[in-house]
There are 2 protein chains.
Amino acid sequence: MSRPRRPGPEGRQPTIKQVAERAGVSPMTVSRTLAGGSGVRPEVQQRVLEAVQKLGYHRNENARSLRPGHRSGLIGVAITNLANPYYGTFALGVEEVAATYGRRIILGNTGEDADRETQLVADFIGRQIEGLIIVPSASSADHLGPDRIGGLPAVLASRRVYGLELDTVVLDDVGGAYRGTRHLIESGHRRIGYLGNVLSVFTGQRRFSGYERALTEQGLAVHPELVQRGQQDVESAGAALARLLDSDDPPTAIFSANNRNTIGALSEIGRRIRGGTDPSRLPALVGFDDFELADLSPVPLAVIAHDPHQLGAEAARLLFHRMESTDPVPARTIELPVTLRIIRP
Amino acid sequence: MSRPRRPGPEGRQPTIKQVAERAGVSPMTVSRTLAGGSGVRPEVQQRVLEAVQKLGYHRNENARSLRPGHRSGLIGVAITNLANPYYGTFALGVEEVAATYGRRIILGNTGEDADRETQLVADFIGRQIEGLIIVPSASSADHLGPDRIGGLPAVLASRRVYGLELDTVVLDDVGGAYRGTRHLIESGHRRIGYLGNVLSVFTGQRRFSGYERALTEQGLAVHPELVQRGQQDVESAGAALARLLDSDDPPTAIFSANNRNTIGALSEIGRRIRGGTDPSRLPALVGFDDFELADLSPVPLAVIAHDPHQLGAEAARLLFHRMESTDPVPARTIELPVTLRIIRP
């Protein structure tokens with residue numbers, strides 16, 4: 001399965017110096033171009049890339065022979081659901097910052113499965129990643145402990161893992177869920193249902209506690225029969241809302257803790273309207289996460305908006321900061337703000 | 001930036017045999033587990049992974065010393081827009097097939113920019129990828145020629161590049177656009193606008209030709225003033241529809257050639273309805289690509305549905321087939337079917 005390496009014109013692997021000569025630039029300019037092109041004019045970059053291709057220059061082979069130790073140039077990124085556009089945008093944010101450091105991302109999908117995550121991390125380490133950014137799928141994660149990943153710089157994104165001293169970027173989950181639920185109360189709702197993740201997921205626990213706090217602060221009870229947890233895709237979220245709406249005393253509003261649940265709920269609401277239900281008899285919604293086509297909601301809707309691209313970029317910045325620091329610095333947690341965006345009053 | 005490698009209990013890197021002994025399995029079972037776990041019972045995989053982590057075993061370091069030549073275990077995947085859920089799902093399809101071959105994907109985003117694509121491919125090659133799957137952003141692509149990528153197995157996905165003899169998976173673009181436009185004609189529309197990619201993009205050319213064929217076959221003219229091309233995001237697509245609707249003789253229906261354009265059009269339609277426009281005065285839509293919340297469309301809508309996951313999986317299968325074949329086989333093109341799905345008549 002190994003493929004022949006194309007030798008340079010002289011029959012040997014070309015050097016960075018030969019590339020520089022051919023392109024009429026300095027070796028540093030070649031390096032910079034290959035590391036993402038920052039500070040190099042586009043037409044010069046183009047000349048360098050042409051020379052690289054003409055000569056069949058392969059950066060890593062050469063770089064490796066110059067430097068002690070391995071440097072794969074790879075950042076491992078483990079997310080829970082690649083089909084969720086939220087995580088695609090998150091990965092883009094990581095990728096853009098990584099490119100400015102001359103690194104690429106290697107992306108893996110855990111599907112919220114702890115075993116798959118354990119295997120993925122072991123595999124990443126086997127591939128000599130220089131750093132790891134992970135949206136952890138489980139609340140306890142022995143496979144991320146310092147005895148497991150050694151000195152590998154790692155950042156947790158979106159979710160913390162209790163007991164792990166790792167740099168972390170999270171959203172203001174509690175505040176967002178509190179404001180969203182409070183908005184429904186201020187709109188006159190008293191029976192407010194909840195759709196979200198199980199409590200063992202970090203964000204599931206935090207967002208539920210924001211919902212709970214808003215209710216109890218206003219003297220309202222949390223009704224367990226109005227709480228549906230564990231739906232991870234649009235279909236099961238729609239079914240969960242259907243169960244709430246078909247109960248004896250259905251909620252008049254729903255707080256939905258992530259975009260999979262909100263979109264599932266809206267799809268179910270659309271189905272009922274097409275089936276003849278009057279929209280005024282269907283619940284108002286507030287959902288954590290913004291999403292496309294929210295404007296088409298046939299019922300009152302607000303979202304807790306934030307920027308997954310920024311979340312990815314911040315995680316990458318924390319990682320490169322950690323990779324570059326020589327002294328041991330205590331782990332930092334950054335909490336990014338969220339805003340309530342009213343889509344349809 | 002290199003990090004210290006954790007030695008095994010004996011102060012040396014552990015071997016696969018030591019991992020196997022600790023887990024009470026054969027070295028082959030360790031190999032299989034690390035290559036994706038196919039054929040290994042979950043509880044046995046768990047034991048192996050525990051031993052791998054306990055001993056600090058790193059697969060590649062060991063594997064490399066056993067095998068001649070480099071094997072990075074990486075498949076490079078270059079897509080044009082990671083924020084489009086279509087491509088996230090596509091990458092998942094590639095990833096799942098790659099995992100069954102013990103490979104991981106390394107993902108790069110070109111943003112439809114030919115220079116960035118050229119650089120990405122050079123970078124991938126520098127990282128010793130074993131194969132490349134690419135959604136090419138430009139119609140001519142010298143950087144993918146055999147003189148450029150050497151013997152590297154490569155597959156084009158979604159779009160062909162004329163003049164390149166590479167394995168390719170595409171959708172039935174012409175047939176899908178034809179059926180979609182025909183559906184609008186059969187619903188009584190005569191002035192049908194077009195939103196899509198520029199003609200230099202493979203799918204832009206093919207989908208426009210399907211639209212054109214359906215019109216001319218029914219004796220209808222293609223009106224250049226009803227054709228808007230080049231919108232690559234939801235915002236510019238909405239603005240393009242607005243231009244059509246604000247013209248002197250607006251279209252009564254739109255064929256939209258990808259999900260970015262359809263979602264942008266629907267958002268603009270939603271804005272106008274909130275602004276007081278009667279939905280019956282707004283155009284009916286047919287869009288290439290299915291998408292979430294299509295059910296909420298306030299105007300008649302159909303989509304040309306297909307499965308991006310399948311597209312990714314087929315591309316990966318073609319790639320591994322190519323990687324494993326010892327004889328030179330001619331390049332193959334697979335065209336995947338699409339279906340017309342009526343969402344709202």
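The sequence lines fix the lettering, A, B, ..., with proteins before strands; numbering per chain opens at 1.
Neither the backbone nor the side chain of B/Tyr87 comes within contact range of chain A; no heavy atom of the residue lies under 4.5 Å from a heavy atom of that chain. With a 4.5 Å cut-off on non-hydrogen atoms, B/Glu95 touches chain A through its side chain but not through its backbone.
Options B/Asp115, B/Ile269, B/Leu296 differ in how many heavy-atom pairs under 4.5 Å they form with chain A, and the most are formed by B/Leu296. Annotation: maximal heavy-atom pairing with chain B below 4.5 Å, among A/Arg260, A/Arg344, A/His309, occurs at A/Arg260. Counting heavy-atom pairs closer than 4.5 Å to chain A, the top-ranked of the candidates B/Ile273, B/Ile106, B/Asn81 is B/Ile106. Options A/Val234, A/Thr89, A/Asn84, A/Leu92 differ in how many heavy-atom pairs under 4.5 Å they form with chain B, and the most are formed by A/Leu92.
Between A/Leu74 and B/Leu74, the closest side-chain pair of non-hydrogen atoms falls below 4.5 Å.
The CG atom of B/Leu293 sits 5.0 Å away from the CD1 atom of A/Ile263 when rounded to the nearest 0.5 Å. Expressed to the nearest 0.5 Å, how far CZ of B/Arg104 lies from CG of A/Asp123 amounts to 4.0 Å. Interatomic distance, CD of B/Glu268 versus CG of A/Asp295, reported as 10.5 Å (0.5 Å rounding).
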